[in-house]
Amino acid sequence: MTDQYHITDWLPTTAKEVKEHGWNQLDVILFSGDAYIDHPSFGAAVIGRVLLDMGLRVAIVPQPNWRDDLRDFRKMGSPNLFFGVTAGNMDSMVNHYTAGKRLRSNDAYTPGGKAGFRPDYASVVYTKILKEIYPDVPVILGGIEASMRRFTHYDYWSDQLKPNILSWSGADMMIYGMGEHPLKNLITLLEKGVPFRNLTTLPQTAILLDKNEKLLKNKRWTDLELHSHNECLESKEKYALNFMHIEEESNKMYPARIHQITGNQRIVVNPPLPLLSEKETDYAYDLPYTRLPHPRYKSKGEIPAFEMIKHSVNLHRGCFGGCSFCTISAHQGKFIASRSEKSILAEVEKITKVNDFKGYLSDLGGPSANMYKMQGFDLSVCEKCKRPSCIFPAVCPNLNTSHQPLIEIYHKVDTTEGIKKSFIGSGIRYDILLHPKAGDEAKRSHQKYIEEIITRHVSGRLKVAPEHTSERVLRNMRKPSFKLFRRFNDIFNRINKKHGLHQQLIPYFISGHPGCEEKDMAELAAETKNLNFTLEQVQDFTPTPMTLATVMYYSGLNPYGLKKTYVPRSKEEKQNQRQYFFWYQPQKRDQLKARIKKAGWTDVYNTLFGNNTRKTTKRNKIK
């Protein structure tokens, strides 16, 4: 597949490749915890392409060795402008450890899926090494690991509150969220001769100041000061209240500039750029990617993360779901930034020309598959809103939930030469589709979309995420009632039967979430058994920085009202909850029978283990 390209079609990764580009000096050097894949789904590749497009000479050092003599950090020398650092597409700790804090044996972002090619807290480790070797060269952090750690945050793996990552790492600046346009603004100012140290009011960046230094005034911004890091260490209530303010501001159309004192410094997080226009959203996707891993990996095995998405197309950014355990809206924003039809179809056409493409697109999706082009009917209402979710506890009446633009994209993709079938691999939000108060036109599009996706875009399995069956737990998760899942399951089965299809609905569930007790999990097992599901693809809740659920996990409080929340924290509690997913396994049955009998949950016992239980059908078994 790489035969049609020359090595200079990728960013250089070695000094030799820099010379092949005809460069003697570099302007920017990027360090990434992931293997280098030149594809718009990988953040380091996007940033590299943006810098190249601006005429800069840029190289990337993927997965540098931090254990040896640090030659990977020295081999490119010192750049003219700055170093860019990212842990990769995932937080390095989530990448490394399970919810039970056991070390994972693989890494989907490394050739051959091998583990051990990035350090814990990669953003911090890379930055500290660079600042030690090149103390006078600015380091800019980016990516999800850094973005989600921009204020005092709970770190599950060390079980402690940590300060903002700029204080912790020694980096000079952070670009948080989706970084290509903030980066373009920064480069433009540097090229005009503005000193790096003067770049203190760039939107969507964070910088450190002396705690007594006055903030430069900006007529367009309001300011919000959080409780200091030390106050958070002393008071879980203040930490929880901080999060409420951060989340509310993150979900405003025009948020405040937020700052917080840590020791003798103050982190200043400037508001993000306004919602991207269609043209601005297209920009990053329309750059000339090879869509391939760098040739350096040719004999090192497949990169699982690339294999999963190489024939997929992302239609939009952002998510207005606001789930308690999710970081997407905190990173990409609540408001949806959609690509143009022209940009999407151009990418599809490019995929059809790839040598190993057989005509099947694996995904036409996004953070949630069915939010393309959705926004408020009246944007002036959105300008006043600070709700974390547009669809919880109910779908906002101002939200246009028409799926017609998405249906039209599907049809145009499917009629593109070289496309045999397009699948939807991203999860869909059935609560939008079953929205009872939608207008007549939107309802017609919902019905049409459900039929369309089930009959034409399911590769045997359709992902949805009810997450739990307990109404109380679902409220803590900011997820809809399980009644909606039952309705959608009935519709799914009816349409399959109507068309003679044999497809699976794949529901995802979480155990151990704040607010979830063992009885809730026992009832989940009984409820899903009654629906003929045998669950295998499930997960135990993992606290990750900058989510509502993580704040509840650490503090035992819901920030909105400071109401106490039950939290299963101990390893034993979490294991006791998780085992209910696997009630059907012989090694679990005796233990669960004893626990359920002792608790006196007769109805659950009879459902799971009574003589009149139904046999689980093979069709509904989740593999």
Side-chain angles (χ1 to χ4, degrees), residues 1 34 37-50 89 108-109 178 180 276-293 302-319 328 331-333 336-374 403-429 449 452-463:
M1 291 198 327
D34 291 341
I37 302 165
D38 186 37
H39 187 287
S41 292
F42 297 88
V46 173
I47 295 304
R49 285 289 171 189
V50 169
N89 269 26
Y109 294 87
M178 309 303 278
E180 67 269 23
L276 298 183
S277 67
E278 191 175 78
K279 183 178 179 181
E280 288 170 329
T281 306
D282 286 347
Y283 171 70
Y285 295 94
D286 292 346
L287 295 169
Y289 305 91
T290 63
R291 299 183 66 88
L292 294 168
E302 293 181 342
I303 302 172
F306 169 68
E307 295 299 318
M308 184 182 296
I309 57 81
K310 64 180 179 179
H311 297 151
S312 67
V313 179
N314 194 39
L315 307 184
H316 73 270
R317 291 177 175 178
C319 179
I328 290 172
H331 189 64
Q332 295 191 12
I336 304 301
S338 298
R339 296 172 64 184
S340 70
E341 178 185 294
K342 180 181 178 182
S343 175
I344 292 166
L345 294 177
E347 184 174 358
V348 169
E349 186 177 350
K350 189 168 185 178
I351 293 173
T352 64
K353 293 177 169 55
V354 175
N355 290 350
D356 68 342
F357 184 66
K358 306 299 182 185
Y360 300 94
L361 288 175
S362 60
D363 189 23
L364 285 173
S368 288
N370 57 323
M371 291 185 181
Y372 180 72
K373 292 281 187 181
M374 292 186 188
H403 283 58
Q404 191 57 37
L406 192 52
I407 293 168
E408 290 172 6
I409 285 289
Y410 290 173
H411 289 174
K412 289 183 179 179
V413 168
D414 286 349
T415 55
T416 299
E417 185 178 352
I419 298 297
K420 295 177 182 177
K421 200 171 183 69
S422 61
F423 297 114
I424 310 305
S426 305
I428 66 167
R429 292 294 302 237
Y449 181 82
E452 165 92 14
I453 199 169
I454 293 173
T455 58
R456 299 180 64 177
H457 301 285
V458 177
S459 59
R461 318 170 99 206
L462 178 63
K463 299 176 187 175

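Sequence positions, counted from 1, serve as the residue numbers for this chain.
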Original post:
For residues Asn370 and Tyr449, is any side-chain donor paired with an opposing acceptor at under 3.5 Å?
Top reply: no

Original post:
Is it the case that His403 and Glu452 place a side-chain donor and acceptor less than 3.5 Å from each other?
Top reply: no

**OP:** May I ask you to say whether Lys342 pairs ionically with Asp282, meaning some side-chain N is under 4.0 Å from a carboxylate O?
**Re:** no

Original post:
Quick one: salt bridge (Lys or Arg N to Asp or Glu O under 4.0 Å) partners of Glu280, sequence neighbours excluded?
Top reply: none

**OP:** Check each of Glu408, Glu341, His316, Glu278 against Lys373 using the side-chain hydrogen bond (donor to acceptor under 3.5 Å, both in side chains) test, and report the only one that passes.
**Re:** Glu278

Subject >> NZ/NE/NH1/NH2 to OD/OE distance under 4.0 Å, Lys310 and Asp356 >> reply: yes

Subject >> Exercise: identify the closest heavy-atom pair between Leu276 and Glu180 >> reply: CD1-OE2, 4.5 Å

Subject >> Heavy-atom pair of closest approach, residues Ala284 and Val46 >> reply: CB-CG1, 3.9 Å

Subject >> OH on Tyr285 to OG on Ser340, rounded to 0.5 Å >> reply: 12.0 Å

Subject >> Tyr372 side chain to Ile409 backbone, donor-acceptor under 3.5 Å >> reply: no

Original post:
If every non-hydrogen atom of Cys319 is compared with every non-hydrogen atom of Met371, which pair is closest and at what distance?
Top reply: SG-CE, 3.7 Å

**OP:** Verify, without hydrogens or angle tests, whether Asn89 (side chain) and Asp34 (backbone) share a donor-acceptor contact under 3.5 angstrom.
**Re:** no

**OP:** Would you mind checking if Glu347 and Lys353 are paired as a salt bridge, meaning a charged N to carboxylate O distance below 4.0 Å?
**Re:** no

Original post:
Taking the six-membered ring of Tyr410 as reference, does the NZ or CZ atom of Arg456 fall below 6.0 Å from its centre and within a 45° cone about the axis?
Top reply: no

Subject >> Minimum heavy-atom distance between Ile336 and Gly318, given as atom pair plus value >> reply: CD1-O, 3.3 Å

**OP:** Could you tell me the separation between the CE atom of Met308 and the CD1 atom of Ile303, rounded to the nearest 0.5 Å?
**Re:** 13.0 Å

Original post:
How far does CG of Asp363 sit from NZ of Lys463, to the nearest 0.5 angstrom?
Top reply: 7.5 Å

Subject >> side-chain contact (heavy atoms from CB on, under 4.5 Å) between Val413 and Leu364, intermediate numbers included >> reply: CA-CA 9 Å; Val413 168; Leu364 285 173; 3.9 Å; yes

Subject >> Verdict with reasoning, Leu361 to Lys421, per side-chain contact (heavy atoms from CB on, under 4.5 Å) >> reply: CA-CA 6 Å; Leu361 288 175; Lys421 200 171 183 69; over 6 Å; no

Original post:
Where do Ala45 and Tyr289 come nearest, in terms of heavy atoms and distance?
Top reply: O-CE2, 4.0 Å

Original post:
Does any N or O in the side chain of Thr416 come within less than 3.5 Å of the main-chain N or O of Ile419, such that one atom is a donor and the other an acceptor?
Top reply: no

Original post:
Under 6.0 Å from the NZ atom of Lys412, do we count more than 12 heavy atoms belonging to anything else shown?
Top reply: no

**OP:** Please check if the side chain of Ser343 supplies one atom and the backbone of Arg339 the other of a donor-acceptor pair under 3.5 Å.
**Re:** no

Original post:
Which value, rounded to the nearest 0.5 Å, describes the distance between Leu462 atom CG and Ser426 atom OG?
Top reply: 11.0 Å

Original post:
Distance from Ile328 atom CD1 to Ser368 atom OG, nearest 0.5 Å?
Top reply: 6.5 Å

Original post:
Roughly how far, to the nearest 0.5 Å, is CD1 of Ile37 from CD of Glu307?
Top reply: 9.0 Å

**OP:** Go through the steps to decide whether Tyr109 and Phe306 satisfy the test side-chain contact (heavy atoms from CB on, under 4.5 Å), and finish with yes or no.
**Re:** CA-CA 8 Å; Tyr109 294 87; Phe306 169 68; over 6 Å; no

